[in-house]
Structure formats: structure tokens, C-alpha cells
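What follows is one structure encoded as C-alpha cells, with my remarks underneath.
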Amino acid sequence: MNEYCPHCGLKFEREPGYFYVAMFVSYAMNVAEMITISVAAYVFGLTLEYENLWYFVAILIGASVIFSPFNYRYARMILLYWLSPGLHYEPGRKLKRN
């Protein structure tokens with residue numbers, strides 16, 4: 001990830017350990033995805049019984065692995081643009097080059 005925006009010069013990492021919080025955002029996204037996939041599997045006919053428990057586990061682990069690049073990238077974006085006070089997008093701002 002770039003340290004500064006090449007277009008406007010915004011410093012992405014606001015403070016040391018800033019993106020450590022993105023891990024918690026990613027966790028929340030992963031939980032929401034797992035709940036959604038579990039409900040969808042149940043609706044599409046996978047009954048929640050002891051015999052089918054490993055199918056649910058395999059589906060959830062597979063979905064977690066598949067969605068991990070998405071979660072990694074978008075958790076940082078959510079943290080930067082939605083959860084950071086005082087950080088706003090300014091479309092007219094451009095980097096002044098000498």
C-alpha cells in the first residue's frame with residue numbers, strides 16, 4: 001500500500017499501528033459473511049443436523065478463504081473513509097509538484 005496518495009499527497013497511515021484496527025473491521029465483515037452464507041446454505045436445503053455439520057464447516061472455511069483478499073482491502077478502505085474522524089475526500093485537491 002502506498003504511504004502517500006500519488007494524486008493529492010494524503011498520508012494514508014494516520015498514526016503508528018493505524019491499520020491494526022482494520023483487523024477488527026475485517027473480523028466484523030467475516031462474521032457477517034459467515035452468517036449470510038450459513039443462512040443461505042440452510043435456505044437452499046442443507047439442514048442443520050449432526051451429519052451435515054462438516055459440510056457447514058467446510059463451506060464457511062472455504063468462503064472465509066475466498067473472501068479474505070476482499071476483506072483485507074475493503075476493511076482498510078472502510079477504516080479510512082468511514083470510520084476515521086477528520087478525514088474527508090476532497091476531489092479538487094491536487095498534489096503541488098515543484
Side-chain angles (χ1 to χ4, degrees):
M1 182 170 185
N2 294 333
E3 186 176 350
Y4 292 94
C5 176
H7 178 72
C8 67
L10 175 71
K11 183 176 181 183
F12 287 123
E13 189 165 344
R14 309 294 286 172
E15 57 192 34
Y18 177 76
F19 287 115
Y20 180 72
V21 179
M23 178 180 64
F24 297 110
V25 176
S26 176
Y27 175 76
M29 292 171 65
N30 198 10
V31 168
E33 291 162 358
M34 286 187 169
I35 290 171
T36 304
I37 291 169
S38 296
V39 170
Y42 182 76
V43 167
F44 287 122
L46 189 60
T47 59
L48 189 56
E49 297 174 352
Y50 183 75
E51 293 82 21
N52 294 335
L53 182 64
W54 288 109
Y55 292 124
F56 269 103
V57 171
I59 289 171
L60 293 179
I61 289 174
S64 179
V65 168
I66 289 171
F67 283 121
S68 64
F70 171 83
N71 290 345
Y72 178 74
R73 174 172 289 239
Y74 286 101
R76 288 178 172 219
M77 290 179 61
I78 289 170
L79 181 66
L80 270 173
Y81 297 114
W82 289 350
L83 300 177
S84 294
L87 182 66
H88 302 289
Y89 175 64
E90 300 173 16
R93 183 176 176 186
K94 292 184 181 176
L95 183 63
K96 296 177 184 175
R97 295 196 171 118
N98 295 329

Query raised in the report: Nearest heavy-atom pair of N71 and S26: which atoms, and what distance?
Result: CB-OG, 3.5 Å
Report task. Group every Ile, Leu, Val, Met, Phe, Trp and Tyr by side-chain heavy-atom contacts under 4.5 Å, then state whether Y72 and L80 land in the same group. Result -> no
Report task. Give a yes or no on whether V39 and F44 share a hydrophobic cluster (residues Ile, Leu, Val, Met, Phe, Trp, Tyr; joining criterion: side-chain heavy atoms under 4.5 Å apart). Result -> no
Query raised in the report: Among all residues two or more places apart in sequence or in another chain, which pass the ring-ring contact (aromatic ring centres under 6.0 Å, His included) test with F70?
Result: Y74
Query - Closest contact, heavy atoms only, F67 versus I37 - result: CE1-CD1, 3.9 Å
Requested in this report: State yes or no: do L79 and M77 share one hydrophobic cluster built from I, L, V, M, F, W and Y residues joined by side-chain heavy-atom distances below 4.5 Å, directly or via other members?
Outcome: yes
**Report entry** Inter-residue atom distance L46.CG - N52.CG, 0.5 Å rounding
**Finding:** 5.0 Å
Query raised in the report: So if you build clusters from Ile, Leu, Val, Met, Phe, Trp, Tyr with side-chain heavy-atom gaps below 4.5 Å, do F56 and I35 land together?
Result: no
Requested in this report: Applying side-chain contact (heavy atoms from CB on, under 4.5 Å), run through V31 and M34 and close with a yes or a no.
Outcome: CA-CA 5 Å; V31 168; M34 286 187 169; 5.8 Å; no
Query raised in the report: Does any N or O in the side chain of S64 come within less than 3.5 Å of the main-chain N or O of L60, such that one atom is a donor and the other an acceptor?
Result: no
